[in-house]
Amino acid sequence: MTGHSYRQLFRTPEFTPLFLSAAASTAAGTVSGLALGTLVYRATDSPLLSAVSMFGPSLAQVLGATFFLSGADRLPPRSALTGLSLAFAAATAVLALPGLPVWGVFAVVLLLGLIASLGGGVRWGLLNEILTKDGYLPGRSLFNMLSGLMQIVGFATGGALVTAFSPRPVLLLAALFHTTAAVVTRLGLSDRPPRAAGRPSVAATRRANAVLWSSRPRRLTYLGLWLPNGLVVGCEALFVSYDPDAAGTLFACGALGMLAGDVTVGRLVPPALRPRLATPLLLLLAAPYAFFALRPALPLAAACATLASVGFGASLVQQERLMALTPPELSGHALGLHSAGMLTMQGLSAALAGALAQLTSPATAMTAMALTSIAVTLALKAAARADTARSDTARAGAERETKDESGRVGT
């Protein structure tokens, strides 16, 4: 992908406002996550509760994916994205209220997860609609690069602000970012109709989920997008308890590595080579965290986080495969299911990692999550290879039958 082609993306109508609104949303999520995790850790001294407060909204994604995801293709994108950003702004402002009990924090966190479950499908479905088929991967790569940059700035700035002031003013800043995203979306996007007919409903969500899950290649692709990634995010969820004073630095280094991976996969790797990189990148994503068993000091821990996050570039390759396997009318739903499943797994992994850290230590829990991610990646690769072998065998058998039929007809 050339630099000129990236410039062409910004000349595509509606790409720029969608890009800018995503930037504001990412900044808000980054700053608020670090502030909330710090707030809860200071109040409870619990790695588990701190991890769940940061990644807990992801746990609610499974409920959203089950009940609300049909709205990703059945709601007008501009109205949906504007409303979701305003809801995030309001909920984040509530988290900043003094005296809000910990159970109240987690109630709001659950609500945020339900809201977010629809957002990924709407945004990425709209991106797929705005861009040509060949433009989706470089477009998503650019969004991922944006996410990496905003996380670097957000975690570094958020960490400094939380240290200098307190988490609550930082949460109000995040609410302002969400409001900005809503304004940019409302003023910058056109009023497009929904991509699919019919009302959003639980039944429609269930039917589309069943269709998407019915294909074994799609199932393996979804599992590859959800499981290795989620388990490694469980490692990241322990940064606050691993080193409370340097958590912002570790998160920023992870974001830097993610940016490097997205640039490499989106711009530098030839398209013909990309499909072969998914498994190596997923292994890279987990392997450096195995060294946390040695309890490395901050410089080495930061280097491990940076190197590991290069492996997040695997998701670009996997998303390209998912879109190739999905009918266009289900693209928003398919991408929403990917996003919701991935975030759900991240939330579950954060909770699991936090529980392990309570019983052992953050370093031990990070190592265990990393080794599990490696094992899952290798198992999925073996399943995909067996699936390909069965397909090749079936194809060869069909070709032999065709030749036999041709020979009998010719005699």
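All figures in this text were calculated on a predicted structure; none of them were measured in a lab.
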(message) Do M323 and L335 make a side-chain contact, defined as non-hydrogen atoms from C-beta onward lying under 4.5 Å apart?
(response) yes

(request) Look only at the side chain of T185 and the backbone of L81, and say whether a donor-acceptor pair between them is shorter than 3.5 Å. (result) no

(request) Look only at the side chain of S50 and the backbone of P47, and say whether a donor-acceptor pair between them is shorter than 3.5 Å. (result) no

(message) When you measure from the side chain of S25 to the backbone of A22, do you find a donor-acceptor pair of N or O atoms at a distance under 3.5 Å?
(response) no

(message) Return the CZ to CG distance between R321 and L225, rounded to the nearest 0.5 Å.
(response) 10.5 Å

(message) If you apply the rule side chain to side chain contact (heavy atoms under 4.5 Å, CB included), what do you find for L142 with F10, and how did you get there?
(response) CA-CA 10 Å; L142 204 53; F10 287 102; 3.5 Å; yes

(message) Given 3.5 Å as the limit, does a donor-acceptor pair link the side chain of R218 with the main chain of L325, or not?
(response) yes

(message) For a side chain to side chain contact (heavy atoms under 4.5 Å, CB included) check, start with the C-alpha distance between L250 and L298, then their side-chain angles and the critical distance, and finish with the verdict.
(response) CA-CA 8 Å; L250 292 173; L298 179 60; 3.9 Å; yes

(message) Distance check, rounded to the nearest 0.5 Å: T92 atom OG1 versus L172 atom CG?
(response) 9.5 Å

(request) Check whether any side-chain N or O of S79 sits under 3.5 Å from a backbone N or O of L75 as a donor-acceptor pair, and report yes or no. (result) no

(request) Please say which of T364, V232, L356 ends up in a side-chain contact (heavy atoms from CB on, under 4.5 Å) with M369. (result) L356

(request) Of all the heavy-atom pairs spanning W226 and M345, show the shortest one and how long it is. (result) O-CG, 3.3 Å

(message) For a quick test of reading the model, state the closest non-hydrogen atom pair linking H333 to A208 and the distance between them.
(response) CE1-CB, 3.4 Å

(message) So which atom in V310 and which in A260 form the shortest heavy-atom distance, rounded to 0.1 Å?
(response) CG2-CB, 4.3 Å

(message) Nearest 0.5 Å, please: how far is OG1 in T377 from CG in L223?
(response) 11.5 Å

Only pairs under 3.5 Å count here: list side-chain donor-acceptor contacts from residues 275-287, not counting sequence neighbours, and write none if there are none.
none

(request) Determine whether V31 and T157 make a side-chain contact, defined as any pair of heavy atoms from C-beta on separated by less than 4.5 Å. (result) no

(request) May I ask you to decide if P362's main-chain N or O and S241's side chain share a donor-acceptor pair within less than 3.5 Å? (result) no

(request) Would you check, one step at a time, whether the test side chain to side chain contact (heavy atoms under 4.5 Å, CB included) holds for L49 with F106? (result) CA-CA 9 Å; L49 294 180; F106 284 103; 4.0 Å; yes

(request) Identify the heavy atoms of A237 and A350 that sit nearest to each other, and give their distance. (result) CB-CB, 3.7 Å

(message) Measuring only between side-chain heavy atoms, which start at C-beta, is L146 closer than 4.5 Å to L149?
(response) no

(request) Identify the heavy atoms of A383 and L220 that sit nearest to each other, and give their distance. (result) CB-CD2, 4.1 Å

(message) Please check if the number of heavy atoms outside R168 that lie under 6.0 Å from its CZ is greater than 12.
(response) yes

(message) Does R140 qualify as a cation-pi partner of W124, given the criterion of NZ or CZ under 6.0 Å from the six-membered ring centre and within 45 degrees of its axis?
(response) yes

(request) Determine yes or no for a side-chain-to-main-chain donor-acceptor pair under 3.5 angstrom, with T367 supplying the side chain and A363 the backbone. (result) yes

(message) What's the separation between atom OG in S21 and atom CZ in R78, rounded to the nearest 0.5 Å?
(response) 12.5 Å

(request) Using a 4.5 Å cut-off on heavy atoms from C-beta on, say whether the side chain of L131 contacts that of F15. (result) yes

(message) Is there a side chain to side chain contact (heavy atoms under 4.5 Å, CB included) between L337 and Y222? Walk through the geometry before answering.
(response) CA-CA 9 Å; L337 185 60; Y222 272 126; 3.7 Å; yes

(message) I want to check something: taking the side chain as every heavy atom from C-beta on, are L126 and L189 in contact at a cut-off of under 4.5 Å?
(response) yes

(request) May I ask you to decide if G29's main-chain N or O and S32's side chain share a donor-acceptor pair within less than 3.5 Å? (result) yes

(message) When you measure from the side chain of S309 to the backbone of G257, do you find a donor-acceptor pair of N or O atoms at a distance under 3.5 Å?
(response) no

(message) Could you check whether any side-chain N or O of W213 sits under 3.5 Å from a backbone N or O of R219, counting only pairs where one atom can act as donor and the other as acceptor?
(response) no

(message) Nearest 0.5 angstrom please: Y289 OH to L307 CG, how far?
(response) 9.5 Å

(request) Please find out if less than 6.0 Å separates the ring center of F239 from that of Y242. (result) no

(request) Report yes if the side chains of Y41 and S46 come closer than 4.5 Å at any heavy-atom pair, otherwise no. (result) no

(message) Give me the atom names and distance for the closest heavy-atom approach of F88 to L112.
(response) CD2-CD2, 3.3 Å

(message) Could you measure the distance from the CD atom of E14 to the CD atom of E129? Nearest 0.5 Å is fine.
(response) 8.5 Å

(request) State, yes or no, whether a side-chain contact exists between V170 and F165 at a heavy-atom distance under 4.5 Å. (result) no

(message) Taking the side chain as everything from C-beta on, heavy atoms only, tell me whether L316 gets closer than 4.5 Å to R274.
(response) no

